[in-house]
Amino acid sequence: MFSAIFKAIFGTKSQRDVKKMLPLVRRINDIEIQYQQLTDEQLQAKTVEFKNRLAAGETLDDLMCEAFAVVKNACRRMCGKEFEVCGQMLKWDMIPFDVQIMGGIALHRGAIAEMATGEGKTLVATMPLYLNALSGRNCQLVTVNDYLARRDSSWMGVIFRFLGLTVGCLQNMQMPDERREQYNCDITYGTNSEFGFDYLRDMGMASDADQLVQRDHFYAIIDEIDSILIDEARTPLIISGPVPMSKDQFSELKPLVADLYSRQNLLCSRLVREARAVLDKENISDAEFEEAITKLLQVKFGMPTHRQLLHAFENGEILREVDRLDSKVHSDNNRGLLQEVQSILYFTIDEKTHEADLTELGRRTISPDDPEGFIIPDLLGELHKIEVNETLSAAEKIEAKEKFQEFFSDKSERLHDLSQLLKAYCLFEKDVNYVVMDRKVMIVDEHTGRLMPGRRFSDGLHQALEAKEGVPVEAETQTMATITIQNYFRMYDKLAGMTGTAETEAAEFHQIYKLDVVVIPTNRPCIRKDDSDSIFKTKREKFNAILDDIQERYDAGQPVLLGTISVDDSEKLSRMLKIRNIPHNVLNAKNHQREAEIVAHAGQVRAVTVATNMAGRGTDIKLGPGVAELGGLHVIGSSRHDSRRIDRQLRGRCSRQGDPGSSKFYVSLEDDLMRLFGGDRIVKIFDRFGLKEGDELQHPWLDHSIETAQKRVEQQHFSIRKRTLDFDDVMNKQREIVYALRKDALLSDKPHDVLFGIIDQVVENSVNDAVNASAAKKEDSRFDREALAAALNAVFPLEFTAGELTAGITNDRLTDPRALEIQIIDRIENAYRERNAGMPDEQLAYLQRHTILEALDRLWQEHLYAMDHLRSSMSLRVYAQKDPLIEYKNEAFGIFKNMMDQVYMDVAKNLFRLTITRIESFEELLNSMPQEMVHQTLEQFGGSLPDNAPAEVAEEPVMNITFHRETPKVGRNDSCPCGSGKKYKKCCGKE
Ligand code: ADP
Ligand code: MG
């Protein structure tokens with residue numbers, strides 16, 4: 001209440017932000033008027049002048065107004081000139097409007113500018129890009145696809161080049177040299193995956209400084225930021241290579257699952273039939289009724305999308321009764337009941353959480369001889385049994401444990417594959433979630449409806465689909481480098497974004513990226529008419545109503561853009577349009593090349609365009625002659641999308657720049673959204689008013705109910721994204737440590753010091769171990785030099801003897817460990833110099849860098865593999881009522897620390913072992929391995945938390961593995977801390 005009054009008086013935050021920008025806009029416009037007097041050369045000279053002023057201490061903010069005015073003035077000078085952009089001649093006709101200047105200010109300040117479609121965001125970005133690129137650092141513009149990167153960089157490049165800046169553009173097939181050139185430009189356009197993968201390749205794989213392509217993470221503007229940071233953010237970027245050992249059990253399991261599936265299908269059909277026969281009778285007893293409802297519930301557990309079941313659910317009372325029973329069997333004091341109800345099924349499927357599980361019956365059916373074959377054995381219990389078994393010797397115990405571990409991982413893998421196959425059969429529909437082309441399973445992006453060639457579902461699901469479809473099952477791959485889009489973009493010094501629809505997700509942008517949303521007013525008022533939704537009982541009726549709507553507009557000549565949420569719907573509607581003889585274009589996964597052209601023509605008289613929701617985003621729909629008089633473009637949504645934002649995007653496709661236009665959504669109770677999250681309120685209304693087939697319901701407050709359903713889904717998706725990020729945060733810290741060391745090894749001009757920094761650490765650890773071991777000996781607390789010498793000899797082939805370890809030891813006690821360490825390190829360092837004496841500096845540096853990289857890369861990749869497994873095993877722990885995230889953090893920390901210790905140790909061992917030829921042959925091998933880049937989809941972290949899981953509070957282990965010491969220890973050549981003024985090694989550190 002209070003905030004409503006507050007807003008009425010002071011305006012919303014955005015309105016206030018905008019108001020504050022007005023004086024700046026006026027100033028920019030005034031300066032621009034002065035610039036109109038300059039010659040071209042004088043205007044161009046401004047770029048150099050600005051750079052000099054920056055060098056002299058002025059800031060980008062100081063320069064903002066002048067720089068923006070320069071861009072505006074350059075636009076004015078380009079007007080009327082023609083340029084070739086992506087094979088087409090275009091005439092420049094744009095000078096930034098005031099609202100565009102405001103958008104530019106918001107972007108420079110690192111905010112998200114929300115500006116409606118058609119407001120000219122492409123041009124808006126030029127002002128902050130120009131300004132920030134004056135710093136000499138690489139500024140980047142992130143686009144939705146390769147085509148837009150090409151188009152926008154070449155179109156806006158007109159201005160940048162005129163002003164003396166260089167512009168580059170990343171494209172999918174570019175080779176590293178070409179990519180480096182793009183990054184070396186002042187401004188680089190490209191898609192988020194190109195930027196992200198370049199980073200991963202640079203940090204994870206480049207083995208020479210001159211292989212790096214990126215030079216900066218300074219300032220990025222993300223176009224359509226919501227679709228990149230929200231829609232794509234559920235899924236990390238991954239570079240992977242083949243797994244050498246993977247064992248594929250899909251072909252063996254497939255016939256079993258196919259058999260189970262068809263049995264369950266028959267069973268479910270029978271159950272629905274029987275239930276309906278009873279329910280259709282008059283005067284049935286309570287017991288009969290309850291039995292029928294139970295059967296329907298069984299089908300819901302066993303095959304939630306069963307056609308006849310959905311048909312039965314059209315009756316609101318039945319749906320309610322089944323839901324009631326569902327909650328009852330799930331309530332805590334009815335555990336037994338749930339098992340009983342599910343006992344006749346072969347497996348159960350949870351449509352919301354995407355989990356598939358075998359039942360007892362299922363297990364006995366596929367493995368009659370060994371029903372235990374599909375149960376995960378109790379790992380800890382078994383290990384404990386071995387541990388306490390007194391008949392085994394210590395060595396036998398270790399062997400027995402290893403054997404059991406192997407048996408265990410074999411079995412869990414088998415079960416995992418089986419569960420993925422069940423999902424593939426029950427939850428993934430061909431031509432909706434994926435298509436089969438050229439004997440490959442290709443993912444259909446759930447948001448854009450486009451095919452995503454090269455992308456694979458993670459975690460064995462893709463192989464399961466391949467097995468299901470009978471196409472070749474491709475080898476499992478292993479992660480070589482991975483990062484989420486979120487964490488990639490969080491590395492930038494400054495991030496900004498633009499989109500037509502950010503407001504509904506403003507809270508998330510703020511929470512995760514610290515980005516504020518500034519809503520910029522439109523240049524001309526928007527006069528679009530948004531109709532209330534029409535709601536129908538069945539999809540069929542809904543489709544007919546849509547067709548009638550299109551027919552009417554088509555007859556009148558008004559263009560229509562029909563948005564659907566799946567390729568399947570697009571095709572259905574297209575067939576129906578054909579029957580009615582309405583010519584139309586279909587944009588979906590199968591013909592996206594021509595997408596942009598078709599969308600550009602969607603505003604012509606009588607144009608009918610069918611598109612999955614986001615197809616052709618970034619292309620502007622201009623109205624053809626005479627169309628405004630017909631009411632402009634009419635947008636129809638064939639269903640509500642899961643997310644309100646995507647619906648807003650669809651509506652936003654019409655009424656650009658003050659054009660007329662209208663929009664309307666059609667909904668049916670059979671839509672997934674309504675089925676899963678709609679609740680039964682609307683069903684009740686249908687019943688109460690006795691609405692029948694073909695009847696239509698329309699009322700503004702119904703729109704509200706639908707929005708509530710959408711909000712529920714959005715919330716669920718938000719948690720998945722948040723969780724992906726929580727899990728990746730753990731990885732992120734590890735990645736930072738590893739990449740920092742890697743970068744140091746690769747780029748430092750003193751690789752020798754980096755290398756001996758590691759040796760120093762290893763020696764220190766050895767000395768520490770020896771101290772601890774000596775202290776632990778009760779009878780004799782003298783420092784054990786023999787033990788230390790032996791430990792050192794296990795790593796360095798230098799034949800240390802106890803007798804030579806003298807520094808820092810007085811009366812057989814170690815009084816100055818650092819002195820001893822230095823004595824040892826000196827010995828190692830001298831031996832190392834001797835061994836490599838005569839080697840040219842450049843070669844030696846190469847050898848030193850690779851001594852580190854070899855160990856680091858090898859172990860880090862093994863570590864990533866271990867982390868993959870750790871993560872997927874987490875979903876099992878949900879059942880144990882533990883929070884998988886906390887478990888994951890703890891275990892991940894342990895494995896990482898071990899890995900880093902191992903890296904140091906291996907570097908030390910490599911010190912005298914590696915030779916240049918060995919490194920080179922190893923690298924050849926690496927380069928010959930095929931790599932694949934995946935922007936993975938689907939929740940992979942065991943979905944959501946159990947409802948009663950503890951909130952996240954547990955202590956997080958501190959990541960205290962630093963490569964560089966916080967406070968430097970006394971170096972051998974440093975002046976001695978005793979104050980003598982002498983070098984340490986000549987004074988207290990003297991041997
Ligand atoms: P958005 O990305 O905001 O949807 P675009 O950048 O694709 O919009 O631009 C939409 C259309 O508006 C383009 O055809 C562009 O040429 C035009 N446009 C943008 N800014 C101006 C301007 N200042 N004056 C005239 N036309 C403009
Ligand atoms: Mg755009």
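When a ligand or atom number is given, it counts from 1 through the structure's own listing order.
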(request) Starting from atom 7 (O) of ligand 1, locate the nearest protein heavy atom and write down its residue, its atom name and how far away it is, to 0.1 Å. (result) T122 OG1, 3.8 Å
(message) Please classify the T117 to ligand 1 contact at 4.0 Å (heavy-atom distances, strictly less than): side chain, backbone, both or neither.
(response) both
(request) Evaluate side-chain contact (heavy atoms from CB on, under 4.5 Å) for C79 paired with I95, printing each intermediate quantity in order. (result) CA-CA 8 Å; C79 278; I95 301 167; 3.8 Å; yes
(message) Please list, in number order, the atoms of ligand 1 under 4.0 Å from a heavy atom of R656.
(response) 11 (C), 12 (O)
(request) Could you note down all residue pairs passing side-chain hydrogen bond (donor to acceptor under 3.5 Å, both in side chains) where residues 117-135 supplies at least one of them, sequence neighbours left out? (result) T47-Y130, H108-N132, N132-K494
(request) Evaluate the ring planes of Y183 and F195, with Trp represented by its six-membered ring, and classify them as parallel (under 30°), tilted (30 to 60°) or perpendicular (over 60°). (result) perpendicular
(message) If I apply the N/O under 3.5 Å rule, does G118 come out as touching ligand 1?
(response) yes
(request) Report the relative orientation of the aromatic rings in F509 and Y513; use parallel for angles under 30°, tilted for 30 to 60°, perpendicular for over 60°. (result) tilted
(message) Checking the N or O distance criterion of under 3.5 Å, is ligand 1 in contact with K622?
(response) yes
(message) For a quick test of reading the model, state the closest non-hydrogen atom pair linking G658 to I527 and the distance between them.
(response) O-CD1, 3.6 Å
(request) Return yes if a side-chain donor-acceptor contact under 3.5 Å exists between N73 and R77, otherwise no. (result) yes
(request) Tell me which protein heavy atom sits closest to atom 9 (O) of ligand 1, plus the residue, atom name and distance to 0.1 Å. (result) G120 CA, 3.4 Å
(request) Among all protein heavy atoms, pick the one closest to atom 24 (N) of ligand 1 and tell me residue, atom and distance. (result) F97 CZ, 3.4 Å
(message) Ring-plane angle category for Y189 and F160, please: parallel below 30°, perpendicular beyond 60°, tilted otherwise.
(response) tilted
(request) May I ask whether G500 places a heavy atom under 4.0 Å from ligand 1? (result) no
(request) May I ask you to identify, for V124, whether its side chain, its backbone, both or neither come under 4.0 Å of ligand 1 on a heavy-atom basis? (result) neither
(request) State whether the shortest distance between N or O atoms of R151 and N or O atoms of ligand 1 falls below 3.5 angstrom. (result) no
(request) Heavy-atom contacts with A116 under 4.0 Å: which atoms of ligand 1 show up? List them by number with element. (result) 3 (O)
(request) Could you tell me the separation between the CG atom of D17 and the CD1 atom of I520, rounded to the nearest 0.5 Å? (result) 8.5 Å
(message) Is any side-chain heavy atom of S643 closer than 4.5 Å to one of H717?
(response) no
(message) Which residue and atom name correspond to the protein heavy atom nearest atom 25 (C) of ligand 1, and how close is it?
(response) D93 O, 3.6 Å
(message) According to side chain to side chain contact (heavy atoms under 4.5 Å, CB included), who are the partners of C526, at least two apart in sequence or on a separate chain?
(response) R528, S655
(message) Can you tell me which residue among I546, V635, D549, T609 is in a side-chain contact (heavy atoms from CB on, under 4.5 Å) with L562?
(response) I546
(request) Could you establish whether Q100 and ligand 1 come within less than 4.0 Å of each other, counting only heavy atoms on the residue side? (result) yes
(request) Go through ligand 1 atom by atom and flag the ones less than 4.0 Å from a non-hydrogen atom of I95. (result) 22 (C), 23 (N)
(request) Among all protein heavy atoms, pick out the one at the shortest distance from atom 18 (N) of ligand 1; state its residue, atom name and that distance to 0.1 Å. (result) M94 SD, 3.5 Å
(message) Below the 3.5 angstrom mark, is there an N/O of L123, backbone or side chain, next to an N/O of ligand 1?
(response) no
(request) Check each atom of ligand 1 against the heavy atoms of D620 and keep those under 4.0 Å away; list them by number with element. (result) 10 (C), 11 (C), 13 (C), 14 (O)
